[in-house]
Amino acid sequence: MAADRAGAPPRAWQRMLSGRRLDLLDPSPLDVEISDIAHGLARVARWNGQTGGDHAFSVAQHSLLVEDIFCALVPGPSPDARLTALLHDAPEYVIGDMISPFKSAVGGGYKAVEQRLQRAIHLRFSLPADTAEKLKRDIKRADQVAAYFEATLLAGFSVPEATQFFGRPRGISADRFDLACKPARSVQSAFLKRFASIEKLRGASR
């Protein structure tokens, strides 16, 4: 980021609507708020906005979809696992969404920032800083299923093309999930509601 004034070090923080100042390079869990995450993700478009409809399909909608698919694929997931799935793309509330080919082209710098943010987010909500490998694989599987449904139903991919990049889902169909592109405020509210319901489950399980 550009320096605030001549001779000053580059500014690496962003002011959030909650009033927090989130340092993007050295994020503190204390500066992470779910209201900021929901607001940001509901306004970040998946597929660089290249989806049909009057509204973008946001990362918040994608996150809700992935958590829904995750619960359909994994028998009896714990509330902590469900929250991890819901927050799997949470860093994008401040760094935006990049399509996978561009992430690869950018290289390790983007991934390092993303990982530091993800760890801070996890610690803020009392989750392990680093996700266990099995859970990571299960969430990735749900993410790939969601990407296939989004690609074929919203982003103009042919079935063979989407199958090549994401794999074709087996034993699960898109018609049981909500993929309608919705206004940002509606999605923001839905994300916060899902977060609250999972938090209630987490509290009951302790």
Side-chain angles (χ1 to χ4, degrees), residues 1-4 10-29 31-67 83-125 127 129 131 136 139-140 142-144 146-151 154-157 165-166 179 181-192 194-195:
M1 295 182 180
D4 286 346
R11 176 171 65 89
W13 56 264
Q14 176 173 330
R15 183 182 296 280
M16 313 307 296
L17 286 178
S18 64
R20 298 289 189 182
R21 285 188 178 188
L22 181 68
D23 188 325
L24 303 185
L25 301 183
D26 186 22
S28 167
D31 292 324
V32 173
E33 297 290 349
I34 193 62
S35 60
D36 293 328
I37 293 174
H39 182 96
L41 294 185
R43 289 159 177 80
V44 175
R46 288 273 290 171
W47 308 97
N48 283 337
Q50 296 301 303
T51 51
D54 294 333
H55 305 283
F57 191 83
S58 69
V59 176
Q61 280 195 264
H62 168 76
S63 300
L64 289 164
L65 177 62
V66 168
E67 192 263 334
L83 185 59
T84 304
L86 183 68
L87 297 175
H88 78 283
D89 276 341
E92 294 178 8
Y93 85 108
V94 285
I95 58 175
D97 182 34
M98 289 187 187
I99 58 173
S100 295
F102 193 59
K103 282 185 182 180
S104 299
V106 169
Y110 177 91
K111 292 299 294 182
V113 171
E114 184 179 46
Q115 287 170 359
R116 284 195 292 269
L117 283 164
Q118 189 74 71
R119 290 185 181 116
I121 291 163
H122 278 194
L123 292 173
R124 169 64 178 84
F125 300 114
L127 295 170
T131 304
K136 191 182 294 184
I139 293 172
K140 183 63 177 178
D143 194 25
Q144 293 290 91
Y148 177 90
F149 290 158
E150 293 168 22
L154 302 173
F157 282 59
F165 293 123
F166 310 113
L179 280 97
C181 300
K182 297 176 180 177
R185 288 189 183 278
S186 170
V187 178
Q188 179 178 343
S189 177
F191 187 94
L192 288 171
R194 182 75 62 89
F195 174 83

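Starting from 1, each residue takes its place in the sequence as its number. This structure is a prediction, so every number in the text was calculated from the model and none was measured.
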Here the pair of heavy atoms bringing A90 nearest to I37 is CB-CG2, 4.2 Å
Take Q144 and Y148 through the test side-chain contact (heavy atoms from CB on, under 4.5 Å) and record every step on the way to the result.
-> CA-CA 6 Å; Q144 293 290 91; Y148 177 90; over 6 Å; no
Would H62 and D97 count as having a side-chain donor-acceptor pair, cut-off 3.5 Å?
-> no
Would you check if H122 and Q118 make a side-chain contact, meaning some heavy-atom pair closer than 4.5 Å?
-> yes
Rounded to the nearest 0.5 Å, how far apart are CH2 of W47 and CZ of F157?
-> 4.5 Å
Sorted by chain and number, sequence neighbours left out, salt bridge (Lys or Arg N to Asp or Glu O under 4.0 Å) with E33 holds for R20, R124
Note, R116 side chain near E114 side chain (heavy atom, < 4.5 Å) | no
Going from CZ on R15 to CG on D31, what distance comes out if it is rounded to the nearest 0.5 angstrom?
-> 11.5 Å
Under 3.5 Å donor-acceptor, S189 side chain and R185 backbone = no
Please answer whether the main-chain N or O of L25 pairs with a side-chain N or O of D23 as donor and acceptor at a distance below 3.5 Å.
-> yes
Look up atom NZ in K136 and atom OG1 in T131, then write down how far apart they are to the nearest 0.5 Å.
-> 6.0 Å
Gap between atom CZ of F191 and atom CD1 of I34 - 0.5 Å precision = 5.0 Å
Taking atom CZ of F57 and atom CG of L65, what is their separation to the nearest 0.5 Å?
-> 5.5 Å
Is any side-chain heavy atom of V44 less than 4.5 Å from a side-chain heavy atom of S58?
-> no
With sequence neighbours excluded, tell me which residues meet ring pair (Phe, Tyr, Trp, His ring centres under 6.0 Å) with H39.
-> none
So do the side chains of V32 and P27 get within less than 4.5 Å of each other, counting heavy atoms only?
-> no
Test side-chain contact (heavy atoms from CB on, under 4.5 Å) applied to L83 and L87, step by step = CA-CA 6 Å; L83 185 59; L87 297 175; 3.8 Å; yes
All heavy atoms of A56 vs all of A45, minimum pair found to be CB-CB, 3.7 Å
Heavy atoms of I121 and P91 approach each other most closely as CD1-N, 3.8 Å
Is it true that the side chains of R46 and Q61 contain a donor and an acceptor less than 3.5 Å apart?
-> no
Does any non-hydrogen side-chain atom of I95 lie less than 4.5 Å from one of Y110?
-> yes
Can you find a side-chain donor-acceptor pair between S18 and D36 that sits under 3.5 Å?
-> yes
Trace of the side-chain contact (heavy atoms from CB on, under 4.5 Å) decision for L179 with F149 = CA-CA 8 Å; L179 280 97; F149 290 158; 3.8 Å; yes
Return the set of residues passing ring pair (Phe, Tyr, Trp, His ring centres under 6.0 Å) with F195 (not counting sequence neighbours), or none when no residue passes.
-> F125
Supply the atom-to-atom distance L17 CG to S35 OG, rounded to the nearest 0.5 angstrom.
-> 8.0 Å
Minimal non-hydrogen separation, D89 against L41, with atom names = O-CD2, 3.8 Å
Given side-chain contact (heavy atoms from CB on, under 4.5 Å), test M16 with Y93 step by step and report yes or no.
-> CA-CA 10 Å; M16 313 307 296; Y93 85 108; 3.5 Å; yes
